[in-house]
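Below: one structure, written as structure tokens.
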Amino acid sequence: MRETLKHRSRLGGRTRRSSRLLRGGFAIVSVCSVGVWGAGLGAGPAAAYLPSPPAGAPAVESAPISLVGLSPALPSNVIAASSSPRSRWQPEKAIYGTASINDIPLTGADGTTIRVNEIYPTTASGQPAPGRFPVLLTMTPYGKGHGGASKPGTAATPAAGAVTGGANNYLAQRGYIEIVEDVRGSGDSNGSWGLFDPIQQQDAIKVVNWAAHLPHSDGRVGTFGPSYLGIDQMLLAGAEGKHSPLKAIFPMVTANDLYRDTSFMGGLLDLEFSETYLGLTGALNTVSPLEDTLSDPGLLAQLAGIVGDHVAGLATYHAATTANILAGGDEAYDGNYWQARNPQNVINRVVANGIPAYLVGGEFDIFQNGEPLNYAELQNAWAGRSATAPMRPGQKTTGRYQLIDGPWEHLNGSSVDVDELELEWFDTWLKHERTGMARTPTPLHYYDLGTGQFDETATYPFTGATPTRLYFGAGGTLSRSTPPATATSDSIIWSPIGAPCSRSIDQWSMGAVSIPVHTLGLLAPCADANNLSLIGPWTTSYTTAAFTHPTALAGPITATIYARSTTRQTELVAELEDVTENGTSYPLTEGALLGSLRAVDNSRSWTADGMTLLPYHPYTEASAQPVEPGQMTEYQIQIFPTLATIGAGDRLRLTVSSTDTPHLTPLPAQLLQLAGGIYTIGRSASAPSSLTLELLSPGAP
């Protein structure tokens with residue numbers, strides 16, 4: 001059945017807690033919500049359980065808490081599959097203690113003072129360990145805190161500040177120097193912060209060069225960290241040159257395209273990014289220097305200048321960006337601002353610079369769409385192909401670029417216990433140990449939401465999948481039957497409010513709903529079964545007949561909707577669900593599209609057998625065009641990818657709605673254009689609304 005989904009790894013493996021609980025990234029929401037989690041954090045995931053879901057539910061609904069809870073453990077088979085089958089590498093024991101030097105001032109790209117912590121290996125007496133070691137750098141905008149000390153052979157505990165991306169003693173105790181940098185305008189560094197400002201990469205280049213020349217450095221540098229810290233790595237690896245000391249990166253839960261993956265979905269503003277994330281970073285940038293001064297009085301003389309710079313950033317970036325977007329300015333579109341910050345635009349340079357990358361992603365992560373694209377683009381660039389093209393079936397791949405994509409939200413993906421895997425990765429590329437990681441035949445490790453197993457494969461889209469088109473039909477059906485010549489339709493109304501509880505709310509709040517509830521041993525109503533929560537005059541659904549055999553949805557998905565609107569703007573949201581034999585539904589993935597940004601760039605879209613699998617919308621101001629009221633218009637909605645086996649007897653349901661509040665928030669001018677809209681969805685030969693997906697089984701109805 002599967003040509004490249006070669007091996008399946010069952011859940012299991014290590015249960016050791018990660019030494020980097022909630023390491024940074026956009027997971028900053030969790031830092032401010034810790035009080036909500038209460039005893040769940042104190043008890044830890046190992047003490048929790050998930051109740052048994054209804055019979056026939058997808059496996060992810062009953063996955064062990066070690067996989068879906070905080071600090072989830074990776075199955076040992078997935079770690080083994082990251083290397084060649086003949087690998088004999090084993091992680092060494094902790095032989096060093098650690099000590100730190102905090103708030104080292106360095107000169108940034110334009111003379112701005114950038115401060116870092118250095119955590120270095122020590123002997124039993126606390127002296128710097130003899131010899132030279134590779135250096136690992138992490139760059140955080142959330143405050144690096146202050147490094148601590150540990151003794152040889154003790155458990156790997158996080159240094160202060162590890163919650164927001166600080167040091168990892170596990171690696172330092174095994175022969176690595178670690179550098180934790182406050183990016184400019186954050187923590188204890190001077191300057192004004194801006195989201196992935198290009199000058200941050202110029203600062204980091206200086207830090208890399210400084211780190212490579214430390215007295216106990218061997219001259220080789222790697223980077224690690226999740227989310228913002230992972231995106232920073234990609235951008236840095238693209239900004240460096242071929243002969244840089246930077247030799248390997250390990251980015252976790254990392255975007256491919258900041259406009260599409262972070263701030264907007266289908267051209268619609270993500271509430272969580274604009275109002276929540278920008279507000280939290282602004283607050284943190286002013287508070288962190290005050291907190292650090294309490295433990296480092298040496299900063300007191302610099303405090304006024306640091307805080308002054310950070311406060312200035314509130315006006316120059318936070319307030320200005322928010323105002324620009326809400327007013328429908330240039331930053332509300334995918335223009336120069338976002339293009340200058342896109343990891344996708346540096347993929348070719350990362351590969352040309354010879355820098356290997358191990359990626360970790362989540363199928364319910366906010367970067368769900370971009371993570372497999374990062375993998376495919378790195379593999380394509382290595383193979384000398386167009387980076388943005390779909391991978392070819394049977395394409396030659398390399399273990400230099402790998403991805404684990406698990407059943408995680410953003411907070412879970414940020415805190416996956418990858419200590420052993422990171423050690424093997426950096427031992428490979430920085431210490432030149434023969435681990436076999438470059439020769440794995442399966443560099444793509446993708447979790448199947450339906451079976452509860454990781455599929456070990458190589459290409460994305462998945463080789464062996466069959467492009468399939470299912471048409472909307474009378475009575476809410478979804479089938480291969482071509483629509484009739486006679487015009488038929490369904491209608492929905494635009495609504496400023498929708499279901500108060502849905503998977504998207506949990507996903508785009510990074511798991512802030514499901515993780516604490518699951519940790520307490522309960523099902524999360526906003527993240528698990530949807531049941532009737534999406535039903536209303538703003539929705540209509542289309543459901544397949546029961547599947548005759550287990551059938552896997554594999555990769556990108558597109559809902560092509562033909563609709564007439566009474567207004568000059570439309571908002572369409574498409575959610576895909578697995579419906580079990582008892583009628584309970586489980587959300588799998590969704591997509592959305594703002595009608596005025598419906599233009600498609602066919603040269604960048606993925607197609608197969610005359611079907612569009614992944615439509616590429618430019619989302620530029622130049623591509624925007626109003627909807628013509630009363631005219632039947634085609635909307636190609638990109639639904640984020642998934643790998644989910646639908647069990648025999650289950651059905652697949654597509655729910656089309658006109659709202660996804662509070663996750664998607666139309667801008668004020670868009671709200672005026674949307675108000676009062678009635679959408680008539682066509683399902684005839686002249687308006688053949690349909691769902692296009694790739695299936696890995698003959699069992700589809």
Side-chain angles (χ1 to χ4, degrees), residues 257 259-261 263-270 325 328 330 332-335 338 369 469 471-472 489-495 538 540 556-576 589-607 610-640 654-660 663-667 669-684 686-693:
D257 183 307
Y259 182 89
R260 291 161 175 79
D261 295 348
S263 50
F264 294 82
M265 184 186 205
L268 289 151
L269 179 66
D270 294 330
I325 290 175
D330 62 308
Y333 301 93
D334 189 14
W338 298 106
N369 179 62
R469 179 180 287 142
Y471 292 98
F472 297 6
S489 63
D490 301 298
S491 295
I492 59 176
I493 65 171
W494 180 80
S495 174
W538 55 86
T540 185
I557 305 164
T558 299
T560 301
I561 297 176
Y562 290 85
R564 288 190 180 93
S565 173
T566 60
T567 53
R568 296 179 66 80
Q569 184 64 277
T570 56
E571 177 182 0
L572 289 169
V573 180
E575 181 178 79
L576 207 54
T589 182
E590 78 165 25
L593 182 63
L594 183 69
S596 60
L597 294 178
R598 64 190 180 278
V600 175
D601 181 350
N602 292 323
S603 69
R604 287 286 303 274
S605 299
W606 290 7
T607 61
M611 307 177 204
T612 299
L613 300 174
L614 194 162
Y616 184 86
H617 300 283
Y619 297 135
T620 60
E621 193 166 6
S623 72
Q625 52 185 320
V627 174
E628 188 65 35
Q631 179 176 310
M632 188 63 74
T633 303
E634 181 186 40
Y635 302 94
Q636 294 186 21
I637 302 174
Q638 178 192 358
I639 298 177
F640 286 0
L654 179 71
T655 297
V656 180
S657 67
S658 64
T659 183
D660 189 16
H663 163 44
L664 297 178
T665 307
L667 301 179
Q670 295 165 356
L671 285 170
L672 295 175
Q673 297 173 325
L674 288 164
I678 300 175
Y679 309 153
T680 302
I681 299 173
R683 42 182 176 79
S684 63
S686 60
S689 297
S690 63
L691 176 70
T692 302
L693 36 76

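Please read all numbers here as calculations on a predicted model, not as lab measurements.
In this structure, CD1 in I557 is found 10.5 Å from CG in L614, a value given to the nearest 0.5 Å. Separating the CE atom in M265 from the CD atom in Q638 is a distance of 8.0 Å, to the nearest 0.5 Å. In this structure, CD on E590 lies 11.0 Å from CG on L654, to the nearest 0.5 angstrom.
Side-chain N or O atoms of S686 include none that pairs as donor or acceptor with a backbone N or O of S684 at under 3.5 Å. Judged by distance alone, with hydrogens and angles left aside, the side-chain atoms of T692 form no donor-acceptor pair with the main-chain N or O of R469 at under 3.5 Å. Remark: side-chain polar atoms of T589 are paired, donor with acceptor, to backbone N or O of F640 under 3.5 angstrom. Under a 3.5 Å cut-off, the side chain of D660 and the backbone N or O of H663 do not form any donor-acceptor pair. Looking at S658, its side chain does come within 3.5 Å of a backbone N or O of I493 through a donor-acceptor pair. No donor-acceptor distance shorter than 3.5 angstrom exists from the side chain of T560 to the backbone of Q636, with no hydrogens or angles considered.
Taking each heavy atom of Y562 and S689 in turn, the nearest pair found is N-OG, 3.0 Å. Shown here for L268 and Q670, the closest heavy-atom pair between the two residues is CD2-OE1, 4.5 Å. Annotation for G595 and V627: closest pair C-CG2, 4.0 Å, computed over non-hydrogen atoms. Nearest heavy atoms, L667 versus I325: CD1-O, 3.3 Å. Taking all atoms of both residues into account, the shortest heavy-atom contact from Q569 to Y679 is O-OH, 3.9 Å. Taking every heavy atom of both residues into account, M632 and A563 meet most closely at SD-N, 3.4 Å.
D490 places a side-chain heavy atom less than 4.5 Å from the side chain of R683. The closest side-chain heavy-atom distance from T570 to R598 is not below 4.5 Å. A 4.5 Å side-chain heavy-atom check between I639 and L691 finds at least one atom pair inside the cut-off. Proximity of F264 to D334: side-chain heavy atoms (C-beta onward) are nowhere separated by under 4.5 Å. With contacts defined as side-chain heavy-atom distances shorter than 4.5 Å, the pair I561/L593 does not qualify. Proximity of V600 to T612: side-chain heavy atoms (C-beta onward) are nowhere separated by under 4.5 Å. Between W494 and Q673, every side-chain heavy-atom pair lies at or beyond the 4.5 Å cut-off.
D601 and R604 are not joined by a salt bridge, as no carboxylate oxygen comes within less than 4.0 angstrom of a charged side-chain nitrogen.
Legend: residues meeting side chain to side chain donor-acceptor pair (under 3.5 Å) with T566, ordered by chain and number and at least two apart, are absent. Partners of Y619 under the ring-ring contact (aromatic ring centres under 6.0 Å, His included) rule, at least two apart in sequence or in another chain, are Y259, H617.
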**Prompt:** Can you check side-chain hydrogen bond (donor to acceptor under 3.5 Å, both in side chains) on T607 and S605, steps first, answer last?
**Reply:** CA-CA 6 Å; T607 61; S605 299; over 6 Å; no

